[in-house]
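Structure record follows, encoded as C-alpha cells.
Here is how names work: the chains are called A, B, and so on, in the same order as the sequence lines, proteins then strands, and each is numbered from 1.
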Amino acid sequence: MSLDQSPTIALTFPDGAVRAHPRGVTAMQVAAAISPSLAKKAISATVNGAHWDLAWPIDADATIAIHTMQDQPQALELIRHDLAHVMARAVQEIWPDVKVTIGPVIDNGWYYDFDRAEPFTPDDLGQIEARMRAIINARDPVRTEVWSRADAIAHYEGRGEPYKVELVQAIPDDGQPIRMYWHGDWQDLCRGPHLQHTGQLPSDGFKLMKVAGAYWRGDSSRPVLQRIYGVAFRSREDLKAYLNFLEEAEKRDHRRLGREMELFHFQEEAPGMVFWHPNGWSVYRALEDYMRRRLGVAGYKEIRTPQVVDRKLWEASGHWANYRENMFITEIDEEHANEKRVNALKPMNCPCHVQVFNQGLKSYRDLPLRLAEFGSCHRYEAHGALHGLMRVRGFTQDDAHIFCMESQIEAECAAFIGLLSSVYRDLGFVKFDIKLSTRPEVRAGSDETWDRAESALENAVRKVTNDYVVDPGEGAFYGPKLDFKLTDAIGREWQCGTFQCDFVLPERLGAEYVGPDGAKHRPVMLHRAILGSFERFIGILIENYAGKLPLWLAPRQVVVASIVSDADACVTDITARLRAAGLRAEADTRNEKINYKVREHSLGKVPVILAIGMREVEDGTASVRRLGESATETVAVDDLIDRLVAEATPPDLR
RNA sequence: GCUGCCGUAGCUCAGUGGUAGAGCACUCCCUUGGUAAGGGAGAGGUCGUGAGUUCAAUCCUCACCGGCAGCACCA
C-alpha cells in the first residue's frame with residue numbers, strides 16, 4: 001500500500017474549475033460542498049467519464065460532473081434502472097415466492113424477468129403499479145454495500161434465488177466489487193449507480209405495458225420466464241408524449257392501412273405470402289419500375305433465374321448444409337414423375353446468378369459484371385417471426401450481384417452508396433446510418449484478403465461520410481459487409497440496404513475469369529440490395545407516409561366524383577382524359593352525396609379528389625381537393641391534367 | 001420454434017351449455033344533394049378445423065391451423 005498518498009485529490013468540474021477534496025470523498029459530499037440545494041437535487045455524477053453513484057467514494061484526481069434531473073440521459077438511465085428494482089420489490093412484496101432474475105434498462109423503459117408458475121395478468125400489472133407508487137411515496141433511502149462473492153452466493157442460496165446465484169457466479173472473479181443495492185429492507189444484486197432515494201422517481205412518469213414470455217438468458221433451451229415491460233420518463237408529460245407516439249405508430253400500422261386502402265391481404269392457406277390487390281400491386285409496380293430504371297442507368301443488367309432448383313445446386317452452394325431448415329423443399333409426385341428429384345424453392349438468388357456468370361468464358365474485360373434480378377425468393381420463416389409485410393415467407397428482392405476483381409471493390413462500393421442514397425432520397429428518406437461489419441472469428445479467406453476488403457469498404461464509405469459505425473466481428477463468414485439503416489418519419493429505424501463481399505461462393509460454384517495474364521482467376525462477388533424486399537419496403541413506405549403516399553406511388557392518384565348525377569357523363573369523360581394522360585384515375589358516379597364521397601376517398605388516402613357539379617360542367621373546370629386539406633381550388637381541366645402529370649412523374653424522370 | 005393471449009357476418013366487436021346479435025360495409029328503393037357519414041327496407045354466419053365430455057357444445061377439454069405481443073431466429 002502506498003503511504004505517500006496526498007490526503008487530498010483534485011476534482012475538475014465541467015466549467016474548468018479545480019477543487020481539492022479529501023481522498024475518498026463521495027460525489028454527494030462534493031455536491032453538498034457546492035450548495036445544499038444541489039445536494040438535494042443531485043441524482044448521480046459522471047466521474048472520469050463513468051456514470052457514478054453519489055455514494056461511491058472517489059479515490060484519485062478526476063473530472064467530475066454532478067447530475068440532476070435536468071440531465072436527460074443520466075436521469076432516464078437512473079429512473080428506468082431504479083424502477084426495474086422497485087417493480088421487482090413490488091412483485092416480491094405481493095408474491096413472496098416469485099423468483100427474481102434480471103431487469104435491464106431498454107429503449108424508453110425497462111423490463112424485469114420473473115420466475116413464476118402463472119403468468120401475470122393485466123389486473124396484476126395494475127396492482128404492481130399501485131405498489132410501486134407506494135414504494136416511491138415512502139421515499140426509501142437507497143444504499144449500496146460491497147459484498148464478497150462467497151457471501152453473495154451464500155445469501156442467494158439461502159433465500160432460494162437460483163437465478164441470482166447463477167448471476168453472481170457468472171461475474172468474473174477479477175476483483176470487481178459485487179454490489180448489493182438496498183431500499184428499505186428489500187435488496188437486489190446490482191452494479192449501480194442509483195438515485196438517492198425512491199422519492200426521486202416520478203410516480204406518474206411510468207407505466208407497465210405488457211407481459212411476455214422470455215427465455216432465461218435468451219437461451220431457448222432454458223426455462224421461460226415471465227417478463228414485464230415498463231416505460232418511464234422524467235415527467236407525466238413525457239410519458240404522455242410517448243404514449244401518443246405509440247398511438248401514432250399504431251395508426252400507421254401497414255397491416256391496418258393495407259386493409260383500409262385495399263392493398264393486399266393474407267390468408268391461412270398461404271401464411272406469410274402476400275395476396276396483392278390491384279391497389280397494392282400498383283404501388284409495387286411503380287416502385288419496381290422506378291428501381292428498374294435506376295439500376296439500368298447505374299450499369300446493371302437485369303436477368304431472371306429459376307425459382308425451383310435441384311438440391312444439387314444447393315449442396316454445391318452450401319445452402320443445403322447451412323440453410324436447409326429455412327428452405328421450402330419440393331418433391332415431384334411419384335405417380336407423374338419419371339424420375340424422383342428433390343428441388344428447393346430458392347431462398348436467395350446468388351447461386352443462380354453464378355450460373356449465369358459461368359456461361360461462357362469471362363474475361364477481365366467483362367468485369368465488373370453487374371447482374372440484377374427482381375428475384376422471387378421463399379424462406380420458411382418461423383411462425384412467430386411472421387409480421388405483415390415486414391417479415392414474410394415469399395418475397396422479392398431488388399437483388400444484384402456484382403462480379404469483379406478485388407481491385408474494383410472500392411469503386412463499386414462507392415458507386416453503390418451513391419445510388420442507394422439517391423434512391424432513399426427519392427423515396428422520401430433523408431437520414432440513414434451506415435454500419436461496417438468486420439471479420440468474425442470463424443471465417444473463410446486469408447487475413448490479407450480480409451484486410452484489403454475491409455479497407456476497400458471503409459474507404460468507399462469515407463468518400464461520402466465519416467459518420468459510420470464499425471461492428472467488429474459481425475461480418476458474414478464469407479466477407480465483410482455494410483448495412484444501411486434508414487430512419488422513418490416518426491424516428492424508427494429500418495435496416496434495408498446491404499453491401500456484402502463474398503470470397504466463398506465464387507469458389508464453391510467455380511466462377512472464373514481470364515485475367516490480363518492469360519490465367520484463370522476467381523472473381524469477388526458483391527451481394528447488394530437497396531430496398532431489401534419489395535414487400536417489406538412497401539410496408540415501410542406505408543408506415544412512413546401513414547398511407548399518404550406521394551402522388552407518383554399512390555395507387556389511385558385521382559378520384560373524379562360527381563356532385564349531381566347530371567354531371568356523371570362529364571366525370572366519366574374527365575376520368576378517361578386523366579387515364580389517357582397516364583394517371584391512375586377512378587370515376588365515382590355513385591348515388592351518394594359529395595360529403596360521403598369526399599369522406600370515403602379521404603379515408604382511402606386518395607391524394608387528389610375532383611368534385612364535378614353543374615358549374616364545373618359548364619365551365620370545363622374541376623374543383624380540386626388535396627388529401628389532408630379542406631380548401632378547394634377550381635382549375636381548368638386542361639391545366640389540371642398538365643399539372644398532375646408533372647407532379648406524378650417519378651423523381652428520376654423529372 | 002417457445003411463452004401468453006386471441007379466432008363469432010366483408011370490417012370492428014357483443015353474447016349464451018338448449019344451433020346467435022350490434023354498428024359500419026353490401027343490395028334495393030326514396031333522395032340530386034357543393035367538399036369528412038341524407039332516409040328507409042333487405043340480404044348475409046353449420047360461431048377457425050377435428051376429436052372428446054354431455055341428453056345437448058359456438059360456449060367446457062384436448063389436438064391441429066391461423067392471428068397478435070414478446071422471445072428466439074434472420075447461414
Side-chain angles (χ1 to χ4, degrees), chain A residues 106 111 113 116 118-122 209-229 250 253 255-256 259-260 262 265-272 314 317-327 347-348 350 379-388 390-393 395 440 442 444 475-478 483 495 498 500 502 504-505 527 532-533 536 559 561-568 589-604 606 609-616 622-634:
Chain A
I106 54 175
Y111 66 78
D113 288 346
R116 181 183 191 234
E118 327 78 73
F120 295 97
T121 65
M209 301 297 285
K210 56 195 165 199
V211 184
Y215 300 115
W216 169 234
R217 312 210 116 183
D219 182 342
S220 55
S221 68
R222 308 203 59 179
V224 173
L225 305 171
Q226 302 300 328
R227 175 172 298 178
I228 301 178
Y229 285 89
E250 165 109 29
D253 190 317
R255 293 167 298 185
R256 169 183 162 155
R259 193 171 49 239
E260 289 173 2
E262 299 177 81
H265 84 272
F266 291 92
Q267 65 186 47
E268 258 187 59
E269 289 81 355
W314 306 115
S317 70
H319 288 84
W320 196 262
N322 297 311
Y323 202 69
R324 190 173 157 192
E325 285 184 3
N326 290 290
M327 291 165 70
M348 296 171 199
C350 23
R379 295 181 189 171
Y380 185 79
E381 302 284 1
H383 286 86
L386 301 178
H387 181 87
M390 301 302 190
R391 190 83 176 267
V392 289
R393 288 181 174 161
F395 58 94
V442 181
F477 76 92
Y478 50 71
D483 287 318
Q495 202 248 292
T498 188
Q500 311 184 0
D502 188 345
V504 172
L505 202 59
H527 308 252
S533 95
R536 178 163 174 271
V559 165
S562 53
I563 296 171
V564 292
S565 53
D566 285 346
D568 287 355
T589 53
R590 290 175 303 170
N591 176 18
E592 297 292 350
K593 295 199 173 193
I594 192 64
N595 290 313
Y596 183 92
K597 296 181 183 181
V598 165
R599 173 180 156 82
E600 191 173 274
H601 300 306
S602 298
L603 291 172
V606 175
I609 300 171
L610 306 185
I612 309 296
M614 291 320 288
R615 284 207 299 275
E616 287 76 15
S623 167
V624 185
R625 182 181 168 126
R626 295 290 186 142
L627 182 59
E629 293 173 19
S630 52
T632 61
E633 185 193 7
T634 302

Nearest to the side chain of [X], which nucleotide is it out of [options]?
X         : options                : value
Arg259(A) : U35(B), U32(B), U12(B) : U12(B)
His387(A) : A75(B), A69(B), U35(B) : A69(B)
Tyr596(A) : C26(B), U35(B), A36(B) : C26(B)
Glu268(A) : A75(B), U31(B), G66(B) : G66(B)
Arg615(A) : C71(B), A69(B), G34(B) : G34(B)
Pro271(A) : C68(B), U31(B), G67(B) : G67(B)
Lys210(A) : U3(B), G70(B), A75(B)  : G70(B)
Ile563(A) : C71(B), G34(B), U32(B) : G34(B)

Which value, in whole Å, describes the distance between the [atom1] atoms of nucleotides [N] and [M]?
N      : M      : atom1 : value
U46(B) : U8(B)  : P     : 13 Å
G21(B) : A37(B) : P     : 31 Å
G66(B) : C29(B) : P     : 44 Å
A9(B)  : G48(B) : P     : 8 Å
G15(B) : U58(B) : C1'   : 10 Å
C62(B) : U54(B) : C1'   : 16 Å
A22(B) : A57(B) : P     : 26 Å
U61(B) : G17(B) : P     : 13 Å

Problem set entry | Minimum heavy-atom distance Val606(A)-Leu627(A), with the two atoms named |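 Nearest pair, atom of Val606(A) first, then Leu627(A): O-CB, 3.5 Å.
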Less than 4.5 Å apart, any side-chain heavy atom of [X] and any of [Y]?
X         : Y         : value
Arg536(A) : Val392(A) : no
Trp314(A) : Pro347(A) : yes
Tyr380(A) : Glu325(A) : no
Tyr478(A) : Leu505(A) : no

Exercise. Want to settle it: does Gln267(A) or Asn595(A) sit nearer the 5' end of RNA chain B, counting the closest nucleotide to each?
Worked result: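 With Gln267(A) and Asn595(A) compared, the 5'-side residue is Asn595(A).
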Problem set entry | Base A36(B) paired with Arg625(A) side chain (donor-acceptor, <3.5 Å) |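 Result: at least one qualifying N/O pair found.
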For this session: Would you please confirm or rule out a distance under 4.0 Å between OP1 or OP2 of U35(B) and any side-chain N or O of Arg626(A)?
Result: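 No.
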